[in-house]
2 protein chains.
Amino acid sequence: MTARTPDSARDIPEATVARLPVYLRALTGLAEGGTTTCSSEELAASAGVNSAKLRKDLSYLGSYGTRGVGYDVEYLRYQIAREIGVTHDWPVVIVGIGNLGHALANYSGFRSRGFRVVALLDADPSRHDEVVAGLDVRSFEDLESIVAENDVSIGVIATPAVAAQAVADRMVAAGITSILNFAPSVLSVPDGVDVRKVDLSIELQILAYHEQRKSVAPAGEVSAT
Amino acid sequence: MTARTPDSARDIPEATVARLPVYLRALTGLAEGGTTTCSSEELAASAGVNSAKLRKDLSYLGSYGTRGVGYDVEYLRYQIAREIGVTHDWPVVIVGIGNLGHALANYSGFRSRGFRVVALLDADPSRHDEVVAGLDVRSFEDLESIVAENDVSIGVIATPAVAAQAVADRMVAAGITSILNFAPSVLSVPDGVDVRKVDLSIELQILAYHEQRKSVAPAGEVSAT
DNA sequence: AGGAGTTTGTGAACGGGAGAACAAAACGGG
DNA sequence: CCCGTTTTGTTCTCCCGTTCACAAACTCCT
């Protein structure tokens, strides 16, 4: 939390960081469509954001556009990728090869965006003979050696909730400093370790809340009582 | 975006709404552990937030605590559940039964939190004989009848990116008003339809950004060049 | 019954992000 | 070479969310 930005110190706002991958994806889409140059307006439309917000976000990285012209798609794409750090591959381990672990291991979006799954681990020995996504499921005991050998700094937790904290502790001890947690539990980790949480049912509950309100007040009109 | 809150108008801030499911889960955990009463401090710790924030969040729902004592776990749990709207079941359809669709269909967290998967749909006919999570995969053509018969208002999209917009359009036309989108694409929907997006690779990219910065400035010290 | 000790609920200050509006800069045409 | 047009980069303002701090209210002990 204490963002030490010693001297070079271009600190990009967290909200902007969260949108950069969206811009990256939009730019990739434009490039595949044959577009070589785009305005902030076009790119913003592709990314589903306001053009003013887009320009402000990009301004934190530097001045990569040309006034009166727009942005060079390929050039900007590279600059954002470099800033995020996805110009090189990030080795990743996935722990917990249940339904969700399967899906994650097979998810092509990781590979194509600079993440390389180097190992799949599960505590259940009966799973250790399985081969998922071209990798054989290994024992959770191998975590330390795998992390050390492959210089892994990112771990994904897809275990049941009860196991998540223990897995996280072990990951941290092994040297992992970024964790993506799919288990529905709150992890406590030491300073310097980043945790991001994805909770499928929470998203649905948020939708349910709004849905419930819709049915109470259908279209801005309320039946006077 | 134009939040019409005509007269009754307890409008709960969006940030608070997003945390209510977390509190709900924390309360369920406490209840299972045998706790009947808890302070805001305890509950905040379980939910991983600040106690002041927790109290302010809860104050939007009403005064359900007792000063000097704390909150009755079961009572507060019910009040939050009622506010979110998960006291009754929400029927849900899932479209796209690939790896992720499989995982979602089997995810027990939906069932246990008031969401009932009523149908699994896929455009690929070769999948229509499969049975996943006790439901047989049906044709996407059946969407309208299923939505109408089961009064479905929430849809989940787990298709490839290219198909997502078409699926969303069809969902909206069928009467669905809340969409949870796992496909990596920006959906455009009419006003009155809520969309929430979950993007697995974006989360990893955000972690990668912070990870990259860590390695540049390991511990507040920077090597002078 | 009264006072000390807790804990909630909320008013107020603070910080950060979103959006509008504008100045700076590049291009193109005459 | 100069001026109008286009589009970026930035400044300013507003609003939402977070946090602090404290008064109100409840319990327990004497």
Side-chain angles (χ1 to χ4, degrees), chain A residues 1-3 5 9-23 26-27 30 35-73 75-77 79-80 83 206 209-210, chain B residues 1-5 9-23 26-27 30 35-73 75-77 79-80 83 206 209:
Chain A
M1 287 302 168
T2 59
T5 49
R10 278 184 305 172
D11 61 326
I12 299 178
E14 195 54 35
T16 296
V17 171
R19 281 188 294 267
L20 289 179
V22 180
Y23 302 153
L27 284 166
L30 287 173
T35 309
T36 58
T37 301
C38 70
S39 68
S40 65
E41 203 71 47
E42 292 173 78
L43 181 54
S46 297
V49 301
N50 187 298
S51 70
K53 182 156 41 177
L54 171 73
R55 289 199 300 278
K56 176 167 273 198
D57 283 343
L58 295 184
S59 75
Y60 289 115
L61 318 187
S63 292
Y64 296 133
T66 308
R67 298 178 189 221
V69 179
Y71 300 94
D72 182 282
V73 171
Y75 181 60
L76 182 59
R77 208 188 67 77
Q79 293 300 339
I80 294 178
E83 190 71 36
I206 296 171
Y209 169 79
H210 293 296
Chain B
M1 287 301 168
T2 60
R4 292 290 164 81
T5 49
R10 277 186 307 172
D11 60 328
I12 299 179
E14 196 55 34
T16 296
V17 171
R19 280 188 294 267
L20 289 180
V22 180
Y23 303 153
L27 285 166
L30 287 174
T35 310
T36 58
T37 301
C38 69
S39 68
S40 66
E41 203 70 49
E42 292 173 77
L43 181 53
S46 298
V49 301
N50 188 299
S51 70
K53 183 157 35 177
L54 170 73
R55 287 201 301 277
K56 175 148 276 199
D57 283 343
L58 294 184
S59 75
Y60 289 115
L61 317 188
S63 292
Y64 296 133
T66 308
R67 299 177 188 218
V69 179
Y71 300 94
D72 181 283
V73 171
Y75 181 59
L76 183 59
R77 207 188 68 78
Q79 293 300 338
I80 295 179
E83 190 70 39
I206 296 171
Y209 169 79

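Residue numbering restarts at 1 for every chain, and letters A, B, ... go by the order of the sequence lines. All values reported here derive from a predicted model rather than from experimental measurement.
Taking only side-chain nitrogens and oxygens, A:Y71 comes nearer than 4.0 Å to OP1 or OP2 of D:dG9. At D:dC16, none of the side-chain N or O atoms of B:Y60 fall inside 4.0 Å of OP1 or OP2 (strictly under the cut-off). Regarding contacts with the backbone of D:dC26, every side-chain N or O of B:T66 stays at 4.0 angstrom or more from both OP1 and OP2.
The nearest whole Å value for the distance from the CG atom in B:D57 to the P atom in D:dG17 is 10 Å. With rounding to whole Å, A:L43 atom CG is found 14 Å from D:dT7 atom P. Note: CG (B:L61) to P (C:dT10) measures 11 Å, nearest angstrom. The CG atom of A:D72 sits 16 Å away from the P atom of C:dA26 (whole-angstrom rounding). Atom OH in B:Y64 sits roughly 14 Å away from atom C1' in C:dG9 (whole-Å rounding). Whole-Å rounding puts the A:K53 NZ to D:dT11 C1' distance at 18 Å. Straight-line distance from the CG atom of B:N50 to the P atom of C:dT10: 17 Å, rounded to whole Å. We find that CG of A:L76 is positioned 11 Å from P of D:dT8, with the value rounded to whole Å.
Each of D:dG17, C:dG9, D:dG9 was ranked by its minimum atom distance to the side chain of B:R67; first place goes to C:dG9. Nearest nucleotide to the B:K56 side chain, out of C:dA21, C:dG11, C:dA26: C:dG11. Nearest to the side-chain atoms of A:A52 among the listed nucleotides C:dA20, C:dA25, C:dT8 stands C:dA20.
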Side chain to side chain contact (heavy atoms under 4.5 Å, CB included) between B:Y23 and B:D57, intermediate numbers included:
CA-CA 10 Å; B:Y23 303 153; B:D57 283 343; 2.6 Å; yes

With side chain to side chain contact (heavy atoms under 4.5 Å, CB included) as the criterion, how do B:R19 and B:E14 come out once you've worked through the C-alpha distance, each side chain's angles and the decisive distance to 0.1 Å?
CA-CA 9 Å; B:R19 280 188 294 267; B:E14 196 55 34; over 6 Å; no

Before you tell me yes or no, could you show the steps for B:L43 and B:V49 under side chain to side chain contact (heavy atoms under 4.5 Å, CB included), namely the whole-Å CA-CA distance, both residues' side-chain angles and the distance that decides it to 0.1 Å?
CA-CA 9 Å; B:L43 181 53; B:V49 301; over 6 Å; no

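In terms of position along DNA chain C, the nucleotide closest to A:R19 lies nearer the 5' end than the nucleotide closest to the other residue of the pair A:R55 and A:R19.
The aromatic ring centres of B:Y64 and B:Y71 sit 6.0 Å or more apart.
Using a 4.0 Å heavy-atom cutoff across all strands shown, A:E41 reaches no nucleic acid atom at all.
Under a 3.5 Å cut-off, the side chain of B:S46 and the backbone N or O of B:E42 do form a donor-acceptor pair.
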